Structures are given as structure tokens and as C-alpha cells.
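Values in this document were obtained by computation on a predicted structure and should not be read as measured data.
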Amino acid sequence: PRPDSRYGFALAADANETRQWLFGGILATHGGHYGNDLHVLELSPQGAPLAYHWQQVPISGHTPIPGRRSPAMFYSEAQAALFVVSGRSIGHTLFDDVWRFDLVGSAWTSLTPPETRPSPRFVALTARLAPDEYIIFHGRESSLVVPTDSWLVNVAGTAPVFTPLDSVCEEMPTRNNGFLVVVDNSTVLVGWGMRVDYSIQADLQQLTIDRANATICAQHFDTTGEAPTATFWPTTALLNGTSLVVATGWDGVALKCTR
């Protein structure tokens, strides 16, 4: 069976994107309950006829991880595991924790958070740059605080390793929600989303990552033609050659940008 209707969930996919896991979120059908359930969507491989199947992942023993909305979740190919970081509780407090889910043993384990890690937050933007390497971009610490830091996350080991990226630009875009789309393992597009004052923005910027110096820089894309309408909570963005397609989760609008 497919998961109950919800928002504020976390998603992670395997390297072939034939399995996608969904965790937590605010369950619309249960009076706003904050879930701690885990589901997997199994997809047919590329080139095969489209087929998919939802299944709730069975948990060995009890499920100790507290329910939450909008955490970050990462898939580790090397560990055959998922890692869940931070998120917000039903009491609007932020979790400062790290959890590991063993996909073989189907069990949750609480990990000791490393000393170097992002501040607690929710609705952070994340994307996979390379196998077992991700980026965390901004997010929201509270209704009035949007952090402006970015992090590399390596999940090849038994626990995530976080590396802060120093911004070398005069002005780094601040946002939560929105989308990240990976161009290559050092270049990411970031767009749409909300500012700290909850105003909605419809812009597009390119983030360039320098691993050797642990830095990140943003470059604004000047657009021509009719500007797309600012939309709320884009949930999907796909890069196909020179075209970027954005599908929004709130307004139900699809946009196509070509460069």
C-alpha cells in the first residue's frame, strides 16, 4: 500500500534510482501527526516498461526514532543504510540528532552527533553530488532564522562526516524549500523557494563547489523572455540537456527554462 497523504517528508534514492525511500512528515489523514514510518518505492529500471510498487519497510523491534517533519535523509551505497539528520518535532523544537537505518537488518540506531555538524534545522535543501556524497544547503532554524551555511556530507562510513563550505561570494542566496539540481559533482543549480520573511522568489543561481579549498560560490543567472511566476514549494526539478523542468507541489504549475 502507498503511504498516507503527508507533507514535510524526507526522500532518498539509491544510486540507480530504482528504489526511493520516504520517511516521516506530517500526516494529513491523522490530525497532523508527525510520522516516523519508513516506506520504499520500487521502480522498474530505465528502459523497462514503467512499473512501481510501494511497501512499508518492516522494522526489526521497535521504532525508537521520534516522528519529525522535513529532516535531511541520505542513502549510503557503501553501508546499505539510510541516515536521517535533524528535522522539527511536533512541538516546533528542532532535533539535533543523527540516526542510521540498516537496510539489511531493518533496524534504527541512534548515533552520537559529530562535533562538526550543521546546526539543527528543517526544510534544508539536499542533493547527491557523487556516490555517498551530498550537499546540505541552508534550511530554516526557526520562523525568523534561515542559516546561510552549506555543507558537504560523506556517508561512505558508519556515520556521516560533515565538512563546512566557506562562501567566497559577496552575496549567497538564502532560502529554504526550493530545489537543488546537480549539473556535475561540483556544480549545482538552486532555485525558487522562500526567503526568511516568507516572501517567494523565482530565481535561478549556479553554485560552484571547490573541494580542495572547501568553498562554495553562487552565480546569478540572468533570464530573458517572460519571467516565470513565483511559486510555492517546488518539489521536483529535472535537468535534461539544456532544459530545466520544475514542477511545483503547491500551485500545480510546471515550468520549463532553457539556456
Using modelled atom types and a 3.5 Å cut-off, is there a donor and acceptor pairing between side-chain atoms of Ser44 and backbone atoms of Pro49? yes
Does the side chain of Asp4 reach to within under 4.5 Å of the side chain of His33, using non-hydrogen atoms? no
Report yes or no: does His138 contribute a side-chain atom to a donor-acceptor pair with the main-chain N or O of Thr148 at less than 3.5 Å? yes
So do Val153 and Thr126 actually touch side chain to side chain, heavy atoms under 4.5 Å? no
Have a look at Leu111 and tell me which of Asp97, Val98, Val84 forms a side-chain contact (heavy atoms from CB on, under 4.5 Å) with it. Val98
Decide yes or no for Leu152 and Glu133: does some side-chain heavy atom of the first lie under 4.5 Å from some side-chain heavy atom of the second? yes
Is there a donor-acceptor pair closer than 3.5 Å between any side-chain N or O of Gln206 and the backbone N or O of Leu189? no
For Leu180 and Val188, work out which heavy atoms get closest and say how close. CD2-CG1, 3.8 Å
To the nearest 0.5 Å, tell me how far Ile26 CD1 sits from Arg68 CZ. 13.0 Å
Joint hydrophobic cluster, Phe162 plus Leu94, side-chain heavy atoms closer than 4.5 Å: no
Taking Leu165 as the starting point, is it possible to reach Trp151 by hopping between hydrophobic residues whose side chains are less than 4.5 Å apart? no
Quick one about Arg211 and Ser186 (side-chain donor to acceptor, distance below 3.5 Å, no hydrogens or angles considered), yes or no? yes
List the atom of Pro160, the atom of Pro114, and the distance in Å for their closest heavy-atom pair. O-CG, 4.1 Å
Between Arg88 (side chain only) and Arg140 (backbone N and O only), is there a donor and an acceptor less than 3.5 Å apart? no
Of all heavy-atom pairs between Ala10 and Met73, which one has the smallest distance, and what is that distance? O-CE, 3.5 Å
Given side chains that start at C-beta, do those of Phe23 and Asn36 come closer than 4.5 Å, heavy atoms only? yes
Are side-chain heavy atoms of Val168 and Asp210 found at a separation under 4.5 Å? no
Connected via hydrophobic side-chain network under 4.5 Å: Val190 and Leu129: yes
Any side-chain to backbone donor/acceptor pair from Asp96 onto Pro120? Under 3.5 Å, distance only. no
Quick check for you: to the nearest 0.5 Å, what is the distance between Ile65 atom CD1 and Trp108 atom CH2? 4.0 Å
Please give me the minimum heavy-atom distance between Ser106 and Pro58, naming the atom from each residue. CB-O, 3.3 Å
Apply the test side chain to side chain contact (heavy atoms under 4.5 Å, CB included) to residues Asn154 and Phe74: give CA-CA distance (whole Å), side-chain angles for both, the deciding distance (0.1 Å), then the verdict. CA-CA 9 Å; Asn154 187 295; Phe74 311 103; over 6 Å; no
Can you check whether Trp21 reaches Asp14 side chain to side chain, under 4.5 Å on heavy atoms? yes
Is there a continuous path of hydrophobic side-chain contacts, each under 4.5 Å between heavy atoms, that joins Ile136 to Leu125? no
Working to the nearest 0.5 angstrom, can you tell me the gap between Glu42 CD and Arg19 CZ? 7.5 Å
Between the side chain of Arg69 and the main-chain N/O of Tyr34, is any donor-acceptor distance below 3.5 Å? no
Please find the pair of heavy atoms, one from Asp102 and one from Ala80, that lie closest to each other, and give the distance. OD1-O, 3.8 Å
I want to check something: taking the side chain as every heavy atom from C-beta on, are Leu41 and Leu43 in contact at a cut-off of under 4.5 Å? yes
Contacts of Phe83 that satisfy ring-ring contact (aromatic ring centres under 6.0 Å, His included) - sequence neighbours left out: none
Could you check whether any side-chain N or O of Tyr134 sits under 3.5 Å from a backbone N or O of Tyr75, counting only pairs where one atom can act as donor and the other as acceptor? yes
Does Ile90 belong to the same Ile/Leu/Val/Met/Phe/Trp/Tyr cluster as Tyr7, with side-chain heavy atoms less than 4.5 Å apart forming each link? yes
Shortest non-hydrogen contact from Trp54 to Pro1? CB-O, 3.5 Å
Using modelled atom types only, decide if a donor and an acceptor are shared between the side chain of Ser86 and the backbone of Phe95 within a distance under 3.5 Å. yes
Side-chain donor or acceptor of Ser76 paired with backbone N/O of Val155 under 3.5 Å: yes
Test Gln219 against Thr208 for side chain to side chain contact (heavy atoms under 4.5 Å, CB included), laying out the working first. CA-CA 8 Å; Gln219 175 187 355; Thr208 303; 5.7 Å; no
Answer yes or no: is there a side-chain heavy-atom contact under 4.5 Å between Thr158 and Arg100? yes
Who are the side chain to side chain contact (heavy atoms under 4.5 Å, CB included) partners of Phe9, not counting sequence neighbours? Arg6, Leu11, Leu22
